[in-house]
Enquirer: 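One structure is given below, represented as structure tokens, and several questions about it will come after.
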2 protein chains.
Amino acid sequence: MQRTLTTLDYTVGEEALASIAKALAHPVRIRILKLLAGETCCFTGELTEIIPMAQSTISQHLKSLLEAGLIQGEINPPKVKYCINRERWQMAREQFSEFFGSASTSGCDCG
Amino acid sequence: MQRTLTTLDYTVGEEALASIAKALAHPVRIRILKLLAGETCCFTGELTEIIPMAQSTISQHLKSLLEAGLIQGEINPPKVKYCINRERWQMAREQFSEFFGSASTSGCDCG
DNA sequence: ATAGTTCATCGTATATTTGCGATGAACTAA
DNA sequence: TTAGTTCATCGCAAATATACGATGAACTAT
């Protein structure tokens, strides 16, 4: 959107974390990732059979996961194999871990 | 939206994780959380001074963080103090940790 | 060549998110 | 009472997200 008058510039870390979080912000994408993560190896469009959603919709979700870098695909005609991008997955894991670890454990008098 | 014909029912965990991820899906909310997390104690609407955004916009972001349970507020007239909800924060941390830990580390032949 | 399979992309409709200014509620200070 | 402060909420506009069916690209099999 970016209609903010004073251009707010975020750090790379802030952008990155928000970007990954956005990719995780829909339950069906969580499910897809869990399915892919559970496989010893790759997975394919059996997703279409498992998940009761239009094929185009699933393809769209896969695209957003791809763009977030959380998964990767390999065209394997006539199919396409998708799997977790282990490297990025690990990075994401660390980013979240660091983020959640940043809060001081000392309580506050709120609430 | 929910225009899916076959009602897709997600698990509680899927919904919960997606819900928290949604709250983290905007860089300004990441920044707000980092600010709150960095304080030894609570924080207030100095956010409005630190972050170059309309007061109403910040208030809206705070609301979504509240609804996600990640922060809590205490009315302290004429101000309002916000702080991290340590309990929910810890829960979120564990949920993400578990989620990211679920992927088998064995590589795949994709990509 | 013809038909079938698998998948991405386009176009469309609707819902949600994001941002702002304006207003009002709640309280304090004078 | 009258101002002033702090914050939430409303109403609006624009951008994104979500879902679908339809179509097309790429490849296989016959």
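Atom set for the values below is all heavy atoms of this structure, side chains included, hydrogens, waters and symmetry mates excluded. Chain letters run A, B, ... following the sequence lines, proteins first and then strands; every chain starts at 1.
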Enquirer: To the nearest 0.5 Å, tell me how far R88(B) CZ sits from Q95(B) CD.
Expert: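 CD of Q95(B) is found 8.5 Å from CZ of R88(B).
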
Enquirer: Do the side-chain N or O atoms of H61(A) get closer than 4.0 angstrom to the phosphate oxygens (OP1, OP2) of dA17(D)?
Expert: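 Indeed not, no polar side-chain atom of H61(A) lies that close.
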
Enquirer: Taking the side chain as every heavy atom from C-beta outward, state whether Q90(A) and E94(A) have any atom pair closer than 4.5 Å.
Expert: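 Yes. Closest side-chain heavy atoms under 4.5 Å.
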
Enquirer: For E15(A), give me all partners under side chain to side chain contact (heavy atoms under 4.5 Å, CB included), at least two apart in sequence or on another chain.
Expert: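 Listed in chain order: Y10(A), P27(B).
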
Enquirer: Measure CG/L62(A) against P/dT18(D) and give the value in whole Å, please.
Expert: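 After rounding, the gap between these two atoms is 13 Å.
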
Enquirer: Using salt bridge (Lys or Arg N to Asp or Glu O under 4.0 Å) as the criterion, list what pairs up with R31(B), not counting sequence neighbours.
Expert: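 Partners of R31(B) under the salt bridge (Lys or Arg N to Asp or Glu O under 4.0 Å) test: E14(A).
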
Enquirer: Donor-acceptor pairs under 3.5 Å, side chain of residues 59-71 of chain A to any protein atom, not counting sequence neighbours: which ones?
Expert:
unit_1: H61(A); atom_1: ND1; unit_2: R29(A); atom_2: NH1; d: 3.0
unit_1: S64(A); atom_1: OG; unit_2: H61(A); atom_2: O; d: 2.9

Enquirer: Can you tell me how far C1' of dA17(D) sits from NZ of K63(A), to the nearest Å?
Expert: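 Computing the K63(A):NZ to dA17(D):C1' distance gives 13 Å.
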
Enquirer: Rounded to the nearest angstrom, tell me the gap between atom CD in Q60(B) and atom C1' in dA13(D).
Expert: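 That distance rounds to 13 Å.
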
Enquirer: Shared ILVMFWY cluster between I84(A) and V28(A), side chains joined below 4.5 angstrom?
Expert: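 Same cluster.
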
Enquirer: Under 3.5 Å, which donor-acceptor pairs do the side chains of residues 48-55 of chain A form with other protein atoms, sequence neighbours left out?
Expert:
unit_1: T48(A); atom_1: OG1; unit_2: G45(A); atom_2: O; d: 3.1

Enquirer: Going by the rule ring-ring contact (aromatic ring centres under 6.0 Å, His included), which residues pair with F99(A) if we only count those two or more places apart in sequence or in a different chain?
Expert: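 If we apply the ring-ring contact (aromatic ring centres under 6.0 Å, His included) test to F99(A), skipping adjacent residues, the hits are W89(B).
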
Enquirer: Closest nucleotide of DNA chain C for K22(A) versus for S56(A): which of these residues is on the 5' side?
Expert: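 Of the two residues, S56(A) wins.
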
Enquirer: Please list residues of residues 27-34 of chain B whose heavy atoms come under 4.0 Å from any atom in DNA chain C, ordered by number; otherwise none.
Expert: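 Residues of residues 27-34 of chain B that come under 4.0 Å of DNA chain C are, in numerical order, R29(B).
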
Enquirer: Atom pairs, N/O to N/O, protein against nucleotides 1-7 of chain C, distance under 3.5 Å?
Expert:
unit_1: dT6(C); atom_1: O4'; unit_2: P78(A); atom_2: O; d: 3.3
unit_1: dT6(C); atom_1: O3'; unit_2: P78(A); atom_2: O; d: 3.3
unit_1: dC7(C); atom_1: OP1; unit_2: V80(A); atom_2: N; d: 3.0

Enquirer: CG/L47(B) to CD1/I58(B) distance, rounded to the nearest 0.5 angstrom?
Expert: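 That separation rounds to 6.0 Å.
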
Enquirer: Just so I know, are the side chains of F96(A) and L24(B) near enough to count as touching, which here means a heavy-atom distance under 4.5 Å?
Expert: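 Sidechains of L24(B) and F96(A): in contact.
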
Enquirer: Starting at NE2 of H26(B) and ending at P of dG19(C), how long is that distance when rounded to a whole Å?
Expert: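 Nearest whole value for this atom pair: 4 Å.
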
Enquirer: In whole angstroms, how far is the P atom of dT18(D) from the OH atom of Y10(B)?
Expert: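 One finds 10 Å between P of dT18(D) and OH of Y10(B), rounded.
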
Enquirer: Separation of I51(B) atom CD1 from dG19(C) atom P, in whole Å?
Expert: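 Interatomic distance, CD1 of I51(B) to P of dG19(C): 11 Å.
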
Enquirer: Using a heavy-atom distance cut-off of less than 4.0 Å, which residues of residues 12-20 of chain B contact DNA chain D?
Expert: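 Heavy-atom contacts with DNA chain D come from no residue of residues 12-20 of chain B; none.
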
Enquirer: From CD1 of I75(B) over to P of dA8(D), roughly how many Å is that when rounded to an integer?
Expert: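 So the two atoms are 10 Å apart, to the nearest Å.
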
Enquirer: So, for G73(A) and Y82(A), which heavy atoms are closest and what is the spacing to 0.1 Å?
Expert: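 Smallest heavy-atom distance, with atoms named: CA-CD2, 3.7 Å.
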
Enquirer: For T57(B) and dT18(C), is the shortest distance between a side-chain N/O and OP1 or OP2 below 4.0 Å?
Expert: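 Looking at the OP1 and OP2 atoms of dT18(C), neither is under 4.0 Å from any side-chain N or O of T57(B).
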
Enquirer: For the pair made of CD1 in I58(B) and P in dC20(C), what is the distance, rounded to whole Å?
Expert: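 The distance from CD1 of I58(B) to P of dC20(C) comes to 9 Å, rounded to the nearest Å.
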
